[in-house]
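The block underneath contains the structure these notes are about, expressed in structure tokens.
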Amino acid sequence: MITRRKDIATLEETRRFIEQNFTRDIPVKLLCKEFGLNRTKLQEGFNQLFGTSVHAFISQMRMDKARALLKDTDESVKVIAIECGYKSISSFIRIFTRLHQVSPLQYRSLYLSNRKPSDISNGSDK
């Protein structure tokens with residue numbers, strides 16, 4: 001169990017780093033080196049403190065951004081995948097579809113079809 005204030009502060013700093021850099025490739029090894037934690041302390045501490053693994057946290061950040069871009073822009077799925085940190089459009093589509101039970105394009109289409117005309121004209125669609 002992570003109880004030392006220093007470890008908690010380091011894990012919170014690690015989380016902030018991920019939040020600011022989630023579109024980049026962030027290997028656990030790099031995080032360990034950057035923040036002076038061994039792999040076990042990083043992974044177990046992150047899970048204890050934030051209730052999720054490092055990898056799942058990065059994936060969630062990327063999916064949150066992807067959903068926002070699909071709703072708020074007309075960028076292509078390929079551009080969105082790259083902007084969210086995915087190296088491969090096919091892996092982005094596969095992961096998105098697994099998590100949301102619809103493809104990115106279907107998600108966008110469903111979102112757009114559920115908006116009311118008044119939402120678009122008064123700007124409340126964001």
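Since this is a predicted model, take the numbers as computed values, not measurements.
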Rounded to the nearest 0.5 angstrom, the NZ-CG distance for K71 and L110 is 12.0 Å
Looking only at heavy atoms, the pair that brings S53 and A56 closest together is OG-N, 3.0 Å
To the nearest 0.5 Å, atom CE of M63 lies from atom CZ of R98 at 8.5 Å
Using atom types as modelled, flag every donor-acceptor pair under 3.5 Å from a side chain in residues 21-37 to any protein atom, sequence neighbours excluded.
| unit_1 | atom_1 | unit_2 | atom_2 | d |
| --- | --- | --- | --- | --- |
| N21 | OD1 | R24 | NH1 | 2.8 |
| N21 | ND2 | F17 | O | 2.8 |

Can you check whether R94's main-chain N or O pairs, donor with acceptor, with T97's side chain at less than 3.5 Å?
-> no
Salt bridge (Lys or Arg N to Asp or Glu O under 4.0 Å) pairs touching residues 10-20, sequence neighbours excluded, are R15-E19
Sorted by chain and residue number, the ring-ring contact (aromatic ring centres under 6.0 Å, His included) partners of Y86 (sequence neighbours excluded) come out as F92
Value for CD1 (I95) from OG (S90), rounded to nearest 0.5 Å, stands at 9.0 Å
message = Is it the case that over 12 heavy atoms from other parts of the model lie below 6.0 angstrom from the CG atom of D74?
response = no
task: Determine yes or no for a side-chain-to-main-chain donor-acceptor pair under 3.5 angstrom, with R108 supplying the side chain and T73 the backbone.
output: yes
**Asked** What about L105 and V79, same hydrophobic cluster or not, with Ile/Leu/Val/Met/Phe/Trp/Tyr joined at side-chain heavy-atom distances under 4.5 Å?
**Response** no
When clusters are formed by joining ILVMFWY residues with side-chain heavy atoms under 4.5 Å apart, either directly or through shared neighbours, do I82 and L70 land in the same one?
no
### Query
Step by step, would you call Q106 with S103 a side chain to side chain donor-acceptor pair (under 3.5 Å)?
CA-CA 5 Å; Q106 290 168 323; S103 73; 3.3 Å; yes
Sorted by chain and number, sequence neighbours left out, side-chain hydrogen bond (donor to acceptor under 3.5 Å, both in side chains) with T40 holds for none
One should read off an interatomic distance between I93 CD1 and S88 OG, to the nearest 0.5 angstrom, of 8.5 Å
Residue pairs meeting ring pair (Phe, Tyr, Trp, His ring centres under 6.0 Å), one or both in residues 53-72, sequence neighbours left out, come to F46-F57
- Heavy atoms, side chains only, cut-off 4.5 Å: are Q60 and T52 in contact? no
Using side-chain heavy atoms (C-beta onward) and a distance below 4.5 Å, is V54 in contact with N47? no
Between the SG atom in C84 and the CE atom in M61, the distance rounded to the nearest 0.5 Å is 10.5 Å
Distance col, row D7:CG vs Q48:CD, nearest 0.5 angstrom, shows 10.0 Å
Contacts of R67 meeting side-chain hydrogen bond (donor to acceptor under 3.5 Å, both in side chains) (sequence neighbours excluded), chain-then-number -> D64, H100
Tightest non-hydrogen contact, residues V77 and P104, listed as CG2-CB, 4.0 Å
